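Small disclaimer: the values here were computed from a predicted structure and weren't measured.
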Amino acid sequence: MTVPEGVSAEQLDPQARAELRTLPGDLAEAVATWMVAAAAEPDPDRAYEFAVQARKLAARVGVVRETAGIAAYRAGRWADALAELRTARRLTGRVSYLPLMADAERALGRADGALALIHDPDTKRLDRATQIELLIVESGIRRDQGRAAAGAVVLQVPELTDGILRPWSARLFYAYADALYDAGRREEARDWFGRAAALDPDEETDAGERYEILDSTIIEDLAGEPDEDPGGEPDEDPGGGPDEDPRTEPDEDSGAEPGPVSQAVAAGPADGSATGPAPGGPAPDAP
């Protein structure tokens with residue numbers, strides 16, 4: 001296997017390059033080149049092969065095992081991803097890999113292992129964006145377990161409705177919409193898919209497409225509802241009911257009680273309490 005043309009060690013992220021300083025100069029250059037090739041390769045399987053070449057040369061360097069783990073995750077090699085990222089965590093002490101590790105456990109059908117990682121004490125050290133990724137994975141696990149409502153509740157975090165837009169808001173909105181859809185709350189799901197699409201101009205998700213499909217479906221459902229039968233018997237006697245006893249005291253409020261605001265209009269998260277995306281859900285961190 002050869003390094004693709006146009007790839008050089010100088011293209012490696014400076015922080016990652018600094019972690020290769022423990023290697024002899026020529027070896028560090030070779031490892032860096034394979035790491036750049038892995039990061040630049042669009043084909044996941046080929047990218048993993050490049051990462052493996054780097055690992056063969058420097059298996060005891062944490063950032064190299066991190067690169068191999070992320071490449072394995074992107075290629076859907078869940079067991080390999082777990083092995084590499086566990087080693088990377090031990091070598092570097094970093095915990096930013098936890099969402100990828102949890103999602104890999106989920107993909108392998110090991111919900112207990114995934115939940116153990118999601119609730120690892122080290123999650124307190126994560127930035128908020130990475131904590132949200134863990135919640136997205138947990139939402140997916142709850143839905144896998146047939147608990148779609150709980151999957152939606154998991155994502156009812158303050159950032160969902162505080163009105164502040166963040167780089168990861170589109171992912172959170174999309175995951176929440178997906179959970180609502182699985183819970184059978186289609187109108188609310190349509191609204192949140194629409195919100196996600198508005199924050200995803202590059203169409204990294206299919207939020208726009210799913211919004212349009214749901215919008216069309218809901219409109220068709222409404223259009224298909226039968227009108228009331230004009231020839232049917234009226235609900236009340238046109239002449240009114242029996243005369244009221246004039247001695248009867250009138251009610252304090254002659255109007256009807258206002259009904260609850262529709263959740264589809266309010267577009268807020270539902271109430272409830274919890275007890276996260278198909279494999280490939282969390283956005284992997286770059287090495």
Would [X] and [Y] pass as an ion pair if we require N to O under 4.0 Å?
| X | Y | answer |
| --- | --- | --- |
| Arg171 | Glu159 | no |
| Asp120 | Arg89 | yes |
| Arg55 | Glu84 | yes |
| Arg17 | Glu29 | yes |
| Glu105 | Arg86 | yes |

[atom1]/[X] to [atom2]/[Y] distance, rounded to the nearest 0.5 angstrom?
| X | Y | atom1 | atom2 | value |
| --- | --- | --- | --- | --- |
| Ser96 | Leu85 | OG | CG | 9.0 Å |
| Trp192 | Leu214 | CH2 | CG | 15.0 Å |
| Asp215 | Glu187 | CG | CD | 10.0 Å |
| Ile132 | Leu155 | CD1 | CG | 8.0 Å |

Taking side chain as C-beta onward, heavy atoms only, is [X] less than 4.5 Å from [Y]?
| X | Y | result |
| --- | --- | --- |
| Val63 | Met35 | yes |
| Asp103 | Tyr73 | yes |
| Ile118 | Met101 | no |
| Arg125 | Asp122 | yes |

Could you work out, with side-chain contact (heavy atoms from CB on, under 4.5 Å) as the rule, every residue matching [X], not counting sequence neighbours?
| X | result |
| --- | --- |
| Ala28 | Leu20, Leu23 |
| Glu212 | none |
| Ala51 | Ala38, Thr67, Ala68, Ala71 |

Within the supplied structure, the quantity of interest is the number of heavy atoms (other residues, nucleotides, ligands) at a distance under 6.0 Å from Arg128 CZ; does it exceed 12?
yes
Tell me, yes or no, whether the heavy-atom count around Asp26 atom CG, taken from other residues, nucleotides or ligands under 6.0 Å, exceeds 12.
no
Hydrophobic clustering (ILVMFWY, side-chain heavy atoms < 4.5 Å, transitive) - are [Y] and [X] grouped together?
| X | Y | value |
| --- | --- | --- |
| Val52 | Val36 | no |
| Leu91 | Leu27 | no |
| Tyr174 | Ile213 | no |
| Leu108 | Leu134 | yes |
| Phe173 | Ile164 | no |

When you look at Asp162 and Arg166, which way does the salt bridge (charged side-chain N to carboxylate O under 4.0 Å, His left out) test go after all the steps?
CA-CA 11 Å; Asp162 64 8; Arg166 302 166 176 86; 2.7 Å; yes
Taking it one step at a time, do Arg94 and Glu19 satisfy salt bridge (charged side-chain N to carboxylate O under 4.0 Å, His left out)?
CA-CA 13 Å; Arg94 289 193 283 266; Glu19 295 184 42; 3.4 Å; yes
All pairs passing salt bridge (Lys or Arg N to Asp or Glu O under 4.0 Å) where residues 196-208 contributes a residue, at least two apart:
none
Arg210 and Tyr181: side-chain donor and acceptor closer than 3.5 Å?
no
Taking atom types as modelled, is there a side-chain donor on Tyr97 or Thr92 under 3.5 Å from an acceptor on the other?
yes
Going through the checks in order, is the side-chain contact (heavy atoms from CB on, under 4.5 Å) test met by Leu98 and Thr123?
CA-CA 8 Å; Leu98 286 175; Thr123 57; 3.9 Å; yes
Counting N and O atoms only, with roles assigned by atom type, does the side chain of Arg65 sit under 3.5 Å from a partner on the main chain of Ala59, one being a donor and the other an acceptor?
yes
Is the side chain of Arg46 donor-acceptor paired with the backbone N or O of Pro44 at a distance under 3.5 Å, no angle test?
no
Output side-chain donor-acceptor pairs under 3.5 Å for residues 4-11, partner residues at least two apart or in another chain, one line each.
unit_1 : atom_1 : unit_2 : atom_2 : d
Ser8   : OG     : Glu10  : OE1    : 3.4
Gln11  : OE1    : Ser8   : N      : 2.8
Gln11  : NE2    : Gly6   : O      : 3.4

Can Arg195 and Tyr211 be said to form a side-chain contact (heavy atoms from CB on, under 4.5 Å), step by step?
CA-CA 9 Å; Arg195 296 185 186 205; Tyr211 172 80; over 6 Å; no
Can you list the steps and then say if Thr2 with Gln53 is a side-chain contact (heavy atoms from CB on, under 4.5 Å)?
CA-CA 10 Å; Thr2 59; Gln53 294 301 314; over 6 Å; no
Which residue pairs satisfy the ring pair (Phe, Tyr, Trp, His ring centres under 6.0 Å) criterion with at least one member in residues 37-71, sequence neighbours excluded?
Trp34-Phe50
Quick one: do Glu138 and Leu135 satisfy side-chain contact (heavy atoms from CB on, under 4.5 Å)? Show the steps, please.
CA-CA 5 Å; Glu138 182 175 1; Leu135 292 179; 3.9 Å; yes
